Number of protein chains: 2
Amino acid sequence: MDQVEIFKALSNKSRLQILNWLKEPETNFPDQAEYGYANGVCVGQIQMKTGLTQSTVSEYLSTLQRAGLVKSNRVGQWTYYQRNEEGFAILNEIIKSEI
Amino acid sequence: MDQVEIFKALSNKSRLQILNWLKEPETNFPDQAEYGYANGVCVGQIQMKTGLTQSTVSEYLSTLQRAGLVKSNRVGQWTYYQRNEEGFAILNEIIKSEI
DNA sequence: TTGGTATATCGGGAAAAGTCGATATATCTT
DNA sequence: AAGATATATCGACTTTTCCCGATATACCAA
């Protein structure tokens, strides 16, 4: 888990927004309700809310996942993303003791 | 204080290292001893330790200052830099509540 | 097996960041 | 006032990031 990679992932307004939205999926992605929130929120929902293209959002989610800040679950043709709180715990450790 | 700007400032190995070194100036910048540590560490000392050019280090320190992570004191021909712990407090707040 | 839908990957052009050497500015010393 | 030293800024070049459209892949449904 590279520190620089984590901070690079956080160096983008849209990616920060996605992470924040994923804190309260029920509030921020109501259209996801019919599929449930257990596995997270699917890419299409996130894409719509950002207003960016599908490819960009897919790329951004990969970036966040490589940094350890989200995790994904593939279910059928959907990929659900949710926050990875372990990643944030690591981030807190880094800031407390390594910076 | 822009969130993205803070994370961009942290998205660089050398800048992270500088911040970490400045946690213990006495240990990491012993040559600074004769001038004291009260105002921080001067650019030249930091430059030597990074191995980067003077202009790059000066630029990096400005970047960190714009992000609120260090503060500077000019004394004579020297500019001393030290950590700005308020900035780190803000960073912690951002991570806790805005991401 | 043929479409249809959701996501991922690829290729690219524009903008930003990384890093340098050269030069400017500020200050100190003599 | 002149030279020396410390730092900041400028101009340039290379690498990375941003973000897109097009295409590929995976899965589902008829």
Side-chain angles (χ1 to χ4, degrees), chain A residues 2-19 22 29 31-32 34-37 39-67 69-82, chain B residues 2-19 22 25 29 31-37 39-67 69-82:
Chain A
D2 180 23
Q3 297 158 241
V4 173
E5 196 177 4
I6 296 176
F7 290 121
K8 280 188 179 172
L10 294 170
S11 297
N12 177 280
K13 187 112 180 200
S14 299
R15 287 193 297 264
L16 287 181
Q17 225 158 15
I18 290 170
L19 289 175
L22 289 177
F29 301 99
D31 293 355
Q32 176 78 41
E34 52 183 312
Y35 304 99
Y37 296 96
N39 295 304
V41 179
C42 68
V43 179
Q45 296 295 323
I46 299 171
Q47 188 243 312
M48 274 173 35
K49 203 168 168 76
T50 60
L52 297 170
T53 62
Q54 186 272 321
S55 63
T56 297
V57 172
S58 177
E59 174 72 29
Y60 281 8
L61 290 167
S62 291
T63 299
L64 290 171
Q65 183 161 34
R66 275 195 305 277
L69 299 170
V70 302
K71 52 191 177 186
S72 67
N73 299 91
R74 186 136 237 241
V75 179
Q77 51 197 325
W78 293 277
T79 308
Y80 296 91
Y81 282 92
Q82 61 191 174
Chain B
D2 179 24
Q3 296 157 244
V4 173
E5 197 178 3
I6 296 176
F7 290 121
K8 280 188 178 171
L10 294 170
S11 297
N12 177 281
K13 187 112 178 198
S14 299
R15 287 193 296 264
L16 287 180
Q17 225 158 16
I18 291 169
L19 289 174
L22 288 177
F29 302 98
D31 293 354
Q32 177 78 41
E34 51 182 312
Y35 303 98
Y37 297 97
N39 295 303
V41 179
C42 68
V43 179
Q45 297 294 322
I46 299 170
Q47 188 244 313
M48 274 173 35
K49 204 167 165 78
T50 60
L52 298 170
T53 62
Q54 187 272 322
S55 63
T56 297
V57 172
S58 177
E59 174 73 30
Y60 280 8
L61 290 167
S62 291
T63 298
L64 290 172
Q65 184 162 33
R66 275 195 306 275
L69 299 170
V70 301
K71 52 190 175 185
S72 66
N73 298 91
R74 184 136 238 243
V75 179
Q77 48 197 325
W78 292 277
T79 308
Y80 295 91
Y81 282 92
Q82 61 191 279

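First the proteins, then the strands, lettered A, B, ... as listed; each starts at 1. Quantities reported herein were computed from a predicted structural model and do not represent experimental measurements.
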Test of understanding: with side chain to side chain contact (heavy atoms under 4.5 Å, CB included), list the residues that count as partners of [X], not counting sequence neighbours.
X      : value
S55(A) : T53(A)
Y37(B) : P25(B), E26(B), Q32(B), A33(B)
S14(A) : N12(A), L52(A), Y60(A)

With a 4.0 Å cutoff (strictly under), does any side-chain N or O of [X] reach OP1 or OP2 of [N]?
X      : N       : answer
K8(A)  : dT17(D) : yes
Y81(A) : dA8(C)  : yes
S14(B) : dG18(C) : no

Review point. Relative to the 5' end of DNA chain D, which residue comes earlier, N12(A) or Y80(B), by the nucleotide with the nearest heavy atom?
Key: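 Its nearest nucleotide lies further toward 5', so the answer is Y80(B).
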Check your understanding: Nucleotide by nucleotide, 5' to 3', does protein get under 4.0 Å of the base (B), only the sugar-phosphate (S), or neither (-) in nucleotides 25-30 of chain C, counting heavy atoms?
Key -> -SBS--
Can you tell me the distance, in whole Å, between the [atom1] atom of [X] and the [atom2] atom of [N]?
X      : N       : atom1 : atom2 : result
E5(A)  : dA17(C) : CD    : P     : 19 Å
L10(B) : dA17(C) : CG    : C1'   : 15 Å
N73(B) : dA8(D)  : CG    : P     : 12 Å
Q45(A) : dT5(C)  : CD    : C1'   : 14 Å

Check your understanding: Contacts to DNA chain C from residues 52-61 of chain A, heavy-atom cutoff under 4.0 Å, which residues?
Key ->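 Q54(A), S55(A), S58(A), in order of number.
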Check your understanding: How many angstroms lie between atom CD of E5(B) and atom CG of L10(B), to the nearest 0.5 angstrom?
Key ->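 It comes to 11.0 Å.
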Review point. Looking at CH2 of W78(B) and CG of N39(B), how far apart are the two atoms once the value is rounded to the nearest 0.5 Å?
Key: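 Here the rounded value is 12.0 Å.
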Point to revise | side-chain hydrogen bond (donor to acceptor under 3.5 Å, both in side chains) partners of T63(B), counting only residues at least two apart | key: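 In terms of side-chain hydrogen bond (donor to acceptor under 3.5 Å, both in side chains), with neighbours along the sequence ignored, T63(B) is linked to R66(B).
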